[in-house]
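Note sheet for the following structure.
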Amino acid sequence: MDLFQWSLLLFSILVIGISLLYRWSTAFNFHCKMALFFGWCAFWTANMSIFLSPILRRNPDNMKLLRTFIWPLKRFYGIKIAVQGSENLNMKEPYVMVCNHQTYLDLLGMMEIIPDRCVPVAKRELLYLGLVGHACWLSGMIFIDRRKKDEAREILRQAAQTMWHENMRIWVYPEGTRNKGKTLLPFKRGAFHLAVQAQVPIIPVVISSYRDFYCSKEKRFTAGNLKIRILPKVDTKDLGPEDIPALTDSIHKRMQDTYKEICGGKDVKP
Ligand SMILES: CCCCCCCCCCCCCC(=O)SCCNC(=O)CCNC(=O)[C@H](O)C(C)(C)COP(=O)(O)OP(=O)(O)OC[C@H]1O[C@@H](n2cnc3c(N)ncnc32)[C@H](O)[C@@H]1OP(=O)(O)O
Ligand SMILES: CCCCCCCC/C=C\CCCCCCCC(=O)OC[C@@H](O)COP(=O)(O)O
C-alpha cells in the first residue's frame, strides 16, 4: 500500500471510530439519565415509604411530597418547561384533568402543574413496585387493573362519588397507555364518565412532543424545551351518559389540534 492508501485507511478508521464513540456515548448518556430517573424516583419514594409512613395516612395531600421530590430532576436534565394557561386551574371546586401520555418523562410535566389534592389514575402494576407502590398508595392514587374493566369502572364510579366530599381532583391519561405515535390514540371513556358522574368540569392538558431532545428508540436524551398547555375547562353540568361519546370526541379533537400547534404546526414523532 502506498502512502495515499494508508492515509485513506487511517482516515476511514478515524471516522468510523469517532462516530461509534459518539453513538456509544449518546447511548451511554441516555442510559445514565434513565437510570437516574428511575433511581431518583425509587430513592425518594422508598424514603417516603419507610420513614414517613408511621406519621402519614393515605391522603391526596401527600402528592405534594412526590411533587417536591420530582422537581429537581428537570434541572439535572436541563429541561425547560413552559406552561401556558395555568390560570385555567384557578378553581376551588373538583375537576378531572386529562392529558396526553408519551413517555415516563410525562411525570416531570405532570408534577410541574399538578394542583393540590389532585391524584392520578394509575395502572395497578405500580402498586406491585414495593416501596414505590406503597408511596403512591400513601399519596391517594387511584389504581385500576386495566384487564378487569368492570372493576375499573366501579373504582372510578366510587371516585366520582367522593370527589366533592373529599374536595379532590383527578388526573387521567385517557389514552390509557404511553403513546409514541404521531397523533393521540383514541381516548378511553373512563375520565369522561367520571366527570359526568361527578358533574365536575374537565380540564384538558397537552404536553408537546419530546422528539427534539428525547427518543428512546434512538437512545437520545439531551437538554431541551417542553411546552405544556392547559386548556379552558369543559363543563359537564347536565350532561348524561348519552353525551359521553360526543364529549370525548370533541375534547380529543381539541387536544389533537393543540398538540399539533404546540409542536410547531406539524404532525411529529415523539
Ligand atoms: C419521586 C416521585 C416518584 C413518583 C412516582 C410515581 C408517580 C406515578 C404516576 C402515575 C401515572 C400512571 C399513569 C398510568 O398508569 S396510565 C394507565 C392507567 N389509566 C387508564 O387506563 C385510564 C384510562 N382508561 C379508561 O379510562 C378506561 O375507560 C377504563 C380502564 C376505565 C375501562 O376500560 P375499557 O377498555 O372498558 O374502556 P373504554 O373507554 O374502551 O370503554 C368501553 C365501554 O365502557 C364504558 N365505560 C368506560 N368507563 C366507564 C365508567 N367509568 N362508567 C361507565 N361506563 C364506562 C364506555 O363508555 C364504553 O361503552 P360504550 O360507550 O362503547 O357503550
Ligand atoms: C435503569 C432501570 C431501573 C429500573 C428500576 C425500576 C424501579 C422502579 C422505580 C421507580 C419507578 C418510577 C415509576 C414511574 C412510573 C411512571 C408512571 C407511568 O407513566 O406509567 C406508565 C403507564 O402510565 C402506562 O403504562 P404502559 O405504557 O401501558 O406500560
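Just so you know, ligand 1 is whichever comes first in the structure, and atom 1 is the first atom listed for that ligand.
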Q | Non-hydrogen atom of Met141 closer than 4.0 Å to ligand 1 | A | yes

Q: Have a look at ligand 2 and work out which part of Arg146, if any, has a heavy atom under 4.0 Å from it: side chain, backbone, both or neither.
A: side chain

(Q) Counting only heavy atoms, tell me which of Trp44, Phe187, Tyr173, Phe43 gets closest to atom 11 (C) of ligand 1. (A) Tyr173

**Q.** Asp106 side chain to Tyr173 side chain, donor-acceptor N/O pair below 3.5 angstrom
**A.** no

**Q.** Cys136 and ligand 1 - part of the residue with a heavy-atom distance under 4.0 Å
**A.** side chain

Q: Kindly indicate whether atom 59 (O) of ligand 1 is approached by any protein heavy atom to under 4.0 angstrom.
A: no

Q. Rounded to the nearest 0.5 Å, what separation is found between the OG1 atom of Thr45 and the CG atom of Leu65?
A. 11.5 Å

Q: Would you confirm whether any non-hydrogen atom of the protein falls under 4.0 Å from atom 63 (O) of ligand 1?
A: no

(Q) Below 4.0 Å from ligand 2: does a non-hydrogen atom of His101 turn up there or not? (A) yes

Q) Quick one: is the NZ or CZ of Arg220 closer than 6.0 Å to the six-membered ring centre of Phe30, and within 45° of its axis? A) no

Q) Under 4.0 angstrom from ligand 2, any heavy atom of Tyr173? A) no

Q. Just which atoms of ligand 1 are under 4.0 Å from any heavy atom in Phe69?
A. 1 (C)

Q. Does Lys123 approach ligand 2 within less than 4.0 angstrom via side chain, backbone, both or neither, non-hydrogen atoms only?
A. side chain

Q) If you take all heavy atoms of Arg117 and Pro60, which pair is closest and at what distance? A) NH2-CG, 3.9 Å

Q. Looking only at non-hydrogen atoms, which of Glu242, Arg189, Glu175 approaches atom 41 (O) of ligand 1 most closely?
A. Arg189

Q: Check each of Met110, His193, Lys188 against atom 49 (C) of ligand 1 and report the one with the nearest heavy atom.
A: His193

Q.
Does the protein come close to atom 7 (C) of ligand 2 - that is, does one of its heavy atoms sit below 4.0 Å from that atom?
A. no

Q: With heavy atoms under 4.0 Å as the rule, classify the contact between Ile244 and ligand 1 as side chain, backbone, both or neither.
A: neither

Q: List the steps, then state whether side chain to side chain contact (heavy atoms under 4.5 Å, CB included) holds for Arg67 with Ile114.
A: CA-CA 8 Å; Arg67 203 167 63 184; Ile114 199 165; 3.5 Å; yes

(Q) Is the contact between His31 and ligand 2 made by the side chain, the backbone, both, or neither, using heavy atoms and a 4.0 Å cut-off? (A) neither

Q) Is the closest heavy atom of Arg146 to ligand 1 under 4.0 Å? A) yes

Q: Could you check atom 29 (O) of ligand 2 against the protein and tell me its nearest heavy-atom contact, residue, atom and distance included?
A: Arg178 NH2, 2.7 Å

Q) For Trp164, does the CH2 atom sit with more than 12 other heavy atoms under 6.0 Å from it, leaving out its own atoms? A) yes

Q | From the candidates Asn179, Thr177, Leu105, the one that places a heavy atom nearest atom 26 (P) of ligand 2 | A | Thr177

Q: Report the part of Lys149 in contact with ligand 1, treating N, CA, C, O as backbone and CB onward as side chain, heavy atoms under 4.0 Å; options are side chain, backbone, both, neither.
A: side chain

Q) Measuring from the heavy atoms of Pro245, does anything fall under 4.0 Å of ligand 1? A) no

**Q.** Contact partition for Val172 relative to ligand 1, non-hydrogen atoms under 4.0 Å
**A.** side chain

Q) Can you find a protein heavy atom under 4.0 Å from atom 29 (C) of ligand 1? A) no

Q: Could you list the atoms of ligand 1 found under 4.0 angstrom from a heavy atom of Lys123?
A: 14 (C), 15 (O), 18 (C)

Q: Record the part of Thr177 in heavy-atom contact with ligand 1 below 4.0 Å; permitted values are side chain, backbone, both and neither.
A: neither

Q: Using non-hydrogen atoms of the residue, decide whether Leu126 is closer than 4.0 angstrom to ligand 1.
A: yes

Q: Around atom 3 (C) of ligand 2, find the nearest protein heavy atom and jot down its residue, atom name and distance.
A: Phe38 CB, 3.9 Å

Q. Within less than 4.0 angstrom of ligand 1, does Val121 place any heavy atom?
A. yes

Q. Touching ligand 1 at all, Gln197? Heavy atoms, strictly under 4.0 Å?
A. yes

